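Everything on this sheet refers to the single structure shown next.
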Amino acid sequence: MSVYTEVERDDLVAFLSDYSVGELVSYQGISDGIENTNYFVTTSKGEYVLTLFEQHTFGELAYFLDVMTFFYMNDIPSAHPEADSQGHYLKKLCGKPAALVVRLPGRGVNATATIEQCAQIGAVMADMHLVGQSFQSRRPSERGPEWRQQTAQQLLPQLDDERTGILKNELAHQQGYATLGLPEGVTHSDLFRDNALFEGNKLSGIIDFYFASDEYLLYDLAVAVNDWCVGEDGLPEATRYQSLMKHYLQKRALTESEQANWNMVCRAAALRFWLSRLQDQLFPREGELTQIKNPDAFLSILKYHREHPLTLDFN
Ligand SMILES: Nc1ncnc2c1ncn2[C@@H]1O[C@H](COP(=O)(O)OP(=O)(O)O)[C@@H](O)[C@H]1O
Ligand SMILES: N[C@@H](CCOP(=O)(O)O)C(=O)O
């Protein structure tokens with residue numbers, strides 16, 4: 001469970017009094033999530049998610065809340081923040097920036113995804129990439145090539161010989177990533193199975209836009225493929241992959257340059273999560289109770305892409 005900051009009832013009551021959400025009925029820490037402290041909050045008027053942001057400043061958060069509002073307003077099924085009585089999405093609670101987001105129905109996908117779920121994620125990601133072209137705010141990626149390079153330097157002294165060899169080789173292979181010049185736009189950049197809520201096979205909405213940034217659109221697609229399209233063995237699996245990709249490509253075709261660099265971008269996306277999971281494991285943050293995701297799952301996916309480039313031929 002990730003609850004880094006405990007919120008007292010009186011503080012929450014005072015916080016909610018600035019919104020038109022009725023009286024506090026109950027609240028409970030949320031067991032999923034890694035980055036932030038989250039609570040489910042029930043009031044006399046509805047259900048919400050309270051997030052206390054553990055890492056980001058007020059300035060950065062304005063961007064994320066704008067992204068959420070933008071996608072929601074453009075018919076992308078997604079979580080959206082409530083405004084307080086002054087029209088602000090962000091407030092302070094327990095000394096941290098905090099926001100109240102409407103709770104979506106459904107649950108994250110905690111098993112392998114169904115073919116239909118992959119289809120819906122492919123289609124909604126293409127919609128996001130298309131409407132996102134008119135989003136005006138800009139934010140560079142915080143987990144881009146420079147971060148990957150710096151994090152690798154922090155981690156290398158702790159890794160065994162096999163992992164050291166793969167990491168160094170992979171960094172060298174991806175040296176040209178920053179200058180590929182692929183189409184960019186606002187991306188979710190963390191659209192994993194636990195960041196899309198489904199009621200059965202129906203997508204109720206996308207959550208957790210807190211890694212959103214300007215990135216290659218292809219990177220966003222690779223992040224999703226690396227998580228949604230794995231089979232029971234945790235490696236990319238053909239039917240899920242075809243389902244997600246076909247539904248994406250029906251709405252947005254890849255450029256020649258995107259097609260040529262698909263393997264490198266899949267590898268960059270796998271490397272990013274291998275590194276962040278290793279960092280969480282080897283340099284854990286203090287928290288009441290935190291969950292750490294298995295870094296080796298992404299090492300295996302990275303190795304898979306190194307040995308078996310995914311095809312883009314779906315005929
Ligand atoms: N708008 C929402 N509606 C319903 N559940 C949500 C919503 N936002 C977050 N959650 C729940 O909170 C959990 C953690 O949220 P998430 O944003 O992924 O946290 P973190 O940023 O800490 O990783 C999710 O897995 C989901 O169960
Ligand atoms: N999706 C990432 C972790 C990022 O944390 P999140 O809970 O905010 O999605 C991973 O699986 O490593």
Side-chain angles (χ1 to χ4, degrees), residues 1-5 21 27-42 46-56 60-61 64-65 67-69 71-72 76-82 89 96-110 113 121 141-143 147-148 151 187-199 203-213 219-220 222-228 230 234 269-282 284-285 287-302:
M1 176 171 178
S2 301
V3 172
Y4 301 99
T5 305
V21 295
Y27 70 110
Q28 187 188 0
I30 299 181
S31 59
D32 300 319
I34 289 185
E35 293 291 319
N36 301 309
T37 294
N38 294 290
Y39 288 87
F40 286 129
V41 173
T42 304
E47 306 262 351
Y48 303 90
V49 173
L50 169 72
T51 301
L52 284 85
F53 299 96
E54 300 289 343
Q55 309 267 0
H56 295 105
E60 293 171 310
L61 289 164
F64 301 131
L65 298 169
V67 171
M68 290 166 81
T69 306
F71 280 128
Y72 176 74
I76 302 296
S78 49
H80 67 284
E82 281 282 336
Y89 293 133
K96 307 265 167 75
L100 195 63
V101 173
V102 173
R103 183 174 179 177
L104 297 167
R107 304 176 64 84
V109 177
N110 56 16
I121 292 300
S141 169
E142 71 184 273
R143 294 279 189 271
W147 175 88
R148 295 198 277 275
T151 307
T187 57
H188 185 287
S189 284
D190 187 27
L191 186 39
F192 275 54
R193 281 169 283 170
D194 57 1
N195 285 334
L197 304 187
F198 277 84
E199 295 180 285
L203 176 65
S204 61
I206 292 167
I207 62 170
D208 199 356
F209 285 84
Y210 306 118
F211 281 112
S213 64
Y219 171 84
D220 213 14
V223 169
V225 162
N226 281 344
D227 188 62
W228 287 89
V230 299
L271 178 62
R272 175 263 187 258
F273 289 98
W274 181 35
L275 291 175
S276 61
R277 288 180 175 197
L278 278 173
Q279 197 178 41
D280 287 342
Q281 185 184 58
L282 299 173
R285 277 181 289 148
E288 186 199 359
L289 282 162
T290 62
Q291 53 154 340
I292 293 186
K293 297 186 180 180
N294 178 14
D296 286 346
F298 270 95
L299 174 56
S300 300
I301 293 172
L302 176 58

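When reading the values below, keep in mind they use all heavy atoms of this one structure, side chains included, and skip hydrogens, waters and symmetry mates. These numbers were taken from a predicted model, which means no experiment stands behind them. Both counts, for ligands and for their atoms, begin at 1 and track the order of listing.
- Partners of Ser141 by side-chain hydrogen bond (donor to acceptor under 3.5 Å, both in side chains), not counting sequence neighbours: none found.
- Of the heavy atoms in Asp227, none comes closer than 4.0 Å to ligand 2.
- Considering backbone and side-chain N/O atoms, Asp190 comes within less than 3.5 Å of an N/O atom of ligand 2.
- When only interatomic distances are considered, the shortest N/O to N/O separation between Val102 and ligand 1 falls below 3.5 Å.
- Looking at Leu197 against ligand 1, only its side chain comes within 4.0 Å, counting heavy atoms.
- Checking only distances, Asp208 does come within under 3.5 Å of ligand 2, N or O to N or O.
- Between Lys293 and the options Asp194, Asp227, Asp280, a salt bridge (Lys or Arg N to Asp or Glu O under 4.0 Å) holds for only Asp194.
- Under the ring pair (Phe, Tyr, Trp, His ring centres under 6.0 Å) test applied with His56, the options Phe211, Phe64, Phe209 reduce to a single match, Phe64.
- Short contacts between ligand 2 and Asn195, defined as distances under 4.0 Å to a heavy atom of the residue, involve ligand atoms 9 (O).
- Contact annotation: Phe40 has at least one heavy atom less than 4.0 Å from an atom of ligand 1.
- Residue contacts with ligand 1, taken as heavy atom pairs separated by less than 4.0 Å, involve Leu104 via backbone and side-chain atoms alike.
- Side-chain N or O atoms of Ser204 include one that pairs as donor or acceptor with a backbone N or O of Pro105 at under 3.5 Å.
- Between Phe298 and Leu271 there is no side-chain heavy-atom pair separated by less than 4.5 Å.
- Some N or O of Asn36 is nearer than 3.5 Å to an N or O of ligand 1, by distance alone.
- At least one N or O atom of Asp208 sits closer than 3.5 Å to an N or O atom of ligand 1.
- Contact of the Asn195 side chain with the Tyr210 side chain is not registered, since no non-hydrogen atoms from C-beta on lie closer than 4.5 Å.
- Between the side chains of Ser213 and Glu142, not a single donor N or O lies within less than 3.5 Å of an accepting N or O.
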